[in-house]
Amino acid sequence: PPARAMPSLPAGETTAGAALWESLACSSCHGVAGVRSAGGVTAAINVTHSGGPFDGGPLTPAQIAALAAFVNG
């Protein structure tokens, strides 16, 4: 079944997500608008990430929530 989108989170999560987007260098391969139009960041990102595994290992639930708050708006 398709992964469900993460719910919107408070502004603090958005700020943390922006910092995470930057530290993971997501923009070297992805644009925020492109990720949004593809369905956004979901809880399954560790499995569905088109770039393969993240360099630092799988994202934690808190990291996924923050990234989703930033990307999904």
Side-chain angles (χ1 to χ4, degrees):
R4 295 181 341 178
M6 299 292 292
S8 294
L9 296 168
E13 291 293 327
T14 302
T15 301
L20 185 59
W21 177 272
E22 194 69 28
S23 71
L24 291 172
C26 298
S27 62
S28 67
C29 296
H30 310 287
V32 172
V35 174
R36 280 186 187 140
S37 69
V41 172
T42 70
I45 191 169
N46 287 316
V47 176
T48 62
H49 181 241
S50 61
F54 292 97
D55 288 341
L59 299 181
T60 66
Q63 288 174 316
I64 294 169
L67 197 57
F70 171 66
V71 173
N72 300 350

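Only a predicted model underlies this, so the values are computations on that prediction, with no experimental measurement involved. For the numbers below, each heavy atom of this structure counts, side chains included, while hydrogens, waters and symmetry mates do not.
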For a side chain to side chain contact (heavy atoms under 4.5 Å, CB included) check, start with the C-alpha distance between Val41 and Trp21, then their side-chain angles and the critical distance, and finish with the verdict. CA-CA 11 Å; Val41 172; Trp21 177 272; 5.7 Å; no
When you look at Phe70 and Leu20, which way does the side chain to side chain contact (heavy atoms under 4.5 Å, CB included) test go after all the steps? CA-CA 9 Å; Phe70 171 66; Leu20 185 59; over 6 Å; no
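Checked against side-chain contact (heavy atoms from CB on, under 4.5 Å), Ser28 has the following partners two or more places apart in sequence or in another chain: Ala25. Not counting sequence neighbours, the partners of His49 by the ring-ring contact (aromatic ring centres under 6.0 Å, His included) test are His30, Phe54.
Between Ile45 atom CD1 and Ser50 atom OG the span is 9.0 Å, to the nearest 0.5 Å.
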Side-chain donor-acceptor contacts of residues 58-65 below 3.5 Å, not counting sequence neighbours, with atom names and distances?
residue, atom, partner, partner atom, Å
Thr60, OG1, Gln63, N, 3.1
Thr60, OG1, Gln63, OE1, 3.4
Gln63, OE1, Thr60, N, 2.8

